[in-house]
Each structure stands twice: as C-alpha cells, then as structure tokens.
Amino acid sequence: AQKITQTQPGMFVQEKEAVTLDCTYDTSDPSYGLFWYKQPSSGEMIFLIYQGSYDQQNATEGRYSLNFQKARKSANLVISASQLGDSAMYFCAMREGITGNTPLVFGKGTRLSVIA
Amino acid sequence: DTEVTQTPKHLVMGMTNKKSLKCEQHMGHRAMYWYKQKAKKPPELMFVYSYEKLSINESVPSRFSPECPNSSLLNLHLHALQPEDSALYLCASSSPGYSYYGYTFGSGTRLTVV
C-alpha cells in the first residue's frame, strides 16, 4: 500500500507568490517523522523541513512551512514568496518509528515551476 | 563535516564491466542507505546498513553487491549490469538514535549502462 501520496505531478507558480504542495500519508505507527526534500536537476536531495508526529506546532524553516493536519494525515509544504531558484522536484517522505535507522519512504514527487 | 560524498559523479559502463560506487561520511552516522532513482521517479530503497551490518535488502538483483567496510564508508559493487539499471544512485546516512535532521544525502552517481 502506498504510504505517501503526492497528487500533484506538476505545479506552476508566479514569482513572489505562495504555493502549497500536497502530501498525505498512511501509517499505523503512532511515532513517525515527515520530511520534505527538494531535488534540482543536478540530482542532490536537499532537506527542507521536518515534522515529528508528536510535534504540537507546525514546522517552519525560513520561507518553508509545513501545514500538519494529523487527523487528516496530511503534511502540506507551503513555500512563501516563490523564487525562480525554487523550480525543482519536491518529495514528501516519511520515516515510521522513532529510530533514525529506519529508511525514508518517498512520495512520487511534485515538479514545481516558478514563472517570472 | 556535514556531507555525504559520492564518487564518481558520473559513470558509463558496459554490460560486462565491473565497477564500484563509493559513499563516504564523517558525521558519525551509523546507518547508511543506497537508493536507486530512475528519471522522473522517486528514490527507491535498495539496501540499509545499520552499525555496518546489512539490515535491509529490498530484493535487489545479485548483480548489485553492497559492502560496508567501516562506519564511514559504503560501497556498491556492480557487475554484469543491464541497460535498465541506468539511473541515479543516491547514498544517504542517518543517526540510529532519535534524530530529526538525521538523513543526509549525497549528490548521487549518474550511472549509464551501455
């Protein structure tokens, strides 16, 4: 069963606008972590933001924020004030359990294109 | 040092060749991973090493042979690959303890099998 679902294969956003990338997940483990990564065409996976299942507040990192709705099992990424350099593939990923040697499972990704 | 270094960055090999991919980290992470990523697809897990022991093998064909000679180094030995094995191979590491920023990825090796 697919554990991470990203339903938007591609998104366009105007420069300086905000954009929301959707992610829903499925797990029966009460302890889990949710991650967003950015992958430019060069291939490197760049960590953006993390949300733990027990975290009470939504995570924020600069222009990135994570809209965590636990009951709906969603973890949407919000990018504010989009920049041309934000054009890339974005992956939502999950780690089940609390130990850090559990591998990440990735969604299919959303390709974001920022338009000038 | 907060990096995972992968070499080579690009590799072209014939189907009868033997080659190796190398991954190195000096962050004290004791879990290391190999992922395979085809174009326009998400990374797919291949192997997990925890404390230098293979803990997960996702039914990867035997033409891929992982090796973890020490806590800083992870190799992926390649032999008799097929053209469909052409992909980006990503290495990652993490701390086995509870850690949120624990997953660090290398920049990958782009492999082309001819």
Side-chain angles (χ1 to χ4, degrees), chain A residues 2-10 21 23 25 29 31-55 57 59-61 64 66 68 75 88-111, chain B residues 2-6 8-11 23 27-58 60 68 71 87-111:
Chain A
Q2 190 173 5
K3 291 181 177 287
I4 296 284
T5 303
Q6 294 181 253
T7 57
Q8 307 153 313
L21 306 184
C23 174
Y25 60 93
D29 194 322
S31 301
Y32 53 89
L34 296 158
F35 300 74
W36 277 93
Y37 284 86
K38 171 185 178 181
Q39 188 177 42
S41 56
S42 57
E44 58 186 314
M45 295 288 279
I46 302 168
F47 167 77
L48 296 178
I49 198 165
Y50 166 87
Q51 182 84 40
S53 58
Y54 297 115
D55 294 343
Q57 293 190 325
T60 59
E61 290 284 350
Y64 304 108
L66 199 152
F68 182 46
M89 197 73 172
Y90 288 79
F91 289 101
C92 180
M94 179 173 67
R95 177 201 69 218
E96 291 180 307
I98 61 171
T99 58
N101 59 351
T102 306
L104 290 177
V105 176
F106 290 85
K108 292 186 176 181
T110 296
R111 179 162 297 282
Chain B
T2 57
E3 283 187 342
V4 172
T5 303
Q6 287 189 245
K9 293 197 183 303
H10 300 273
L11 178 63
C23 173
M27 295 175 283
H29 289 173
R30 300 302 295 275
M32 296 185 77
Y33 311 83
W34 281 115
Y35 285 86
K36 174 182 177 179
Q37 186 178 21
K38 300 282 280 183
K40 301 183 181 181
K41 298 288 187 183
E44 293 181 350
L45 182 68
M46 299 176 74
F47 303 104
V48 180
Y49 273 83
S50 182
Y51 294 98
E52 295 86 70
K53 293 191 187 308
L54 183 65
S55 60
I56 296 177
N57 176 341
E58 291 288 300
V60 178
C68 190
S71 60
L88 178 68
Y89 288 84
L90 291 164
C91 174
S93 70
S94 67
S95 172
Y98 179 59
S99 165
Y100 21 98
Y101 298 126
Y103 296 87
T104 305
F105 282 82
S107 55
T109 294
R110 288 197 186 274
L111 174 68

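Throughout, protein chains are lettered first and strands after them, A, B, ... in sequence-line order, and every chain is numbered starting at 1. These numbers come from a predicted model, not from an experiment.
Proximity to chain B is absent for every atom of A/Q51, based on heavy atoms less than 4.5 angstrom apart. Using a 4.5 Å cut-off between heavy atoms, A/S42 contacts chain B through its backbone alone, with no side-chain atom that close. Only the side chain of B/Q37 comes within less than 4.5 Å of a heavy atom in chain A; its backbone stays farther off.
The nearest pair of heavy atoms linking A/P103 to B/Y33 is CA-CE2, 3.6 Å. Residues B/P42 and A/G107 share a closest heavy-atom pair of CB-O, 3.0 Å.
Side-chain contact check for B/F105 versus A/Q39: every heavy-atom pair is 4.5 Å or farther apart.
At least one donor-acceptor pair closer than 3.5 Å links the side chain of B/Y35 to the backbone N or O of A/L104.
The aromatic ring centres of B/Y103 and A/Y37 sit 6.0 Å or more apart.
Of the inter-residue distances, the one linking B/C91 atom SG with A/M45 atom CE reads 13.0 Å to the nearest 0.5 angstrom. Rounding to the nearest 0.5 Å gives a distance of 12.5 Å between CD1 of A/I46 and OG1 of B/T104.
No more than 12 heavy atoms of other residues, nucleotides or ligands sit less than 6.0 Å from atom NZ of B/K9. More than 12 heavy-atom neighbours from other residues, nucleotides or ligands sit within 6.0 angstrom of CD on B/E52.
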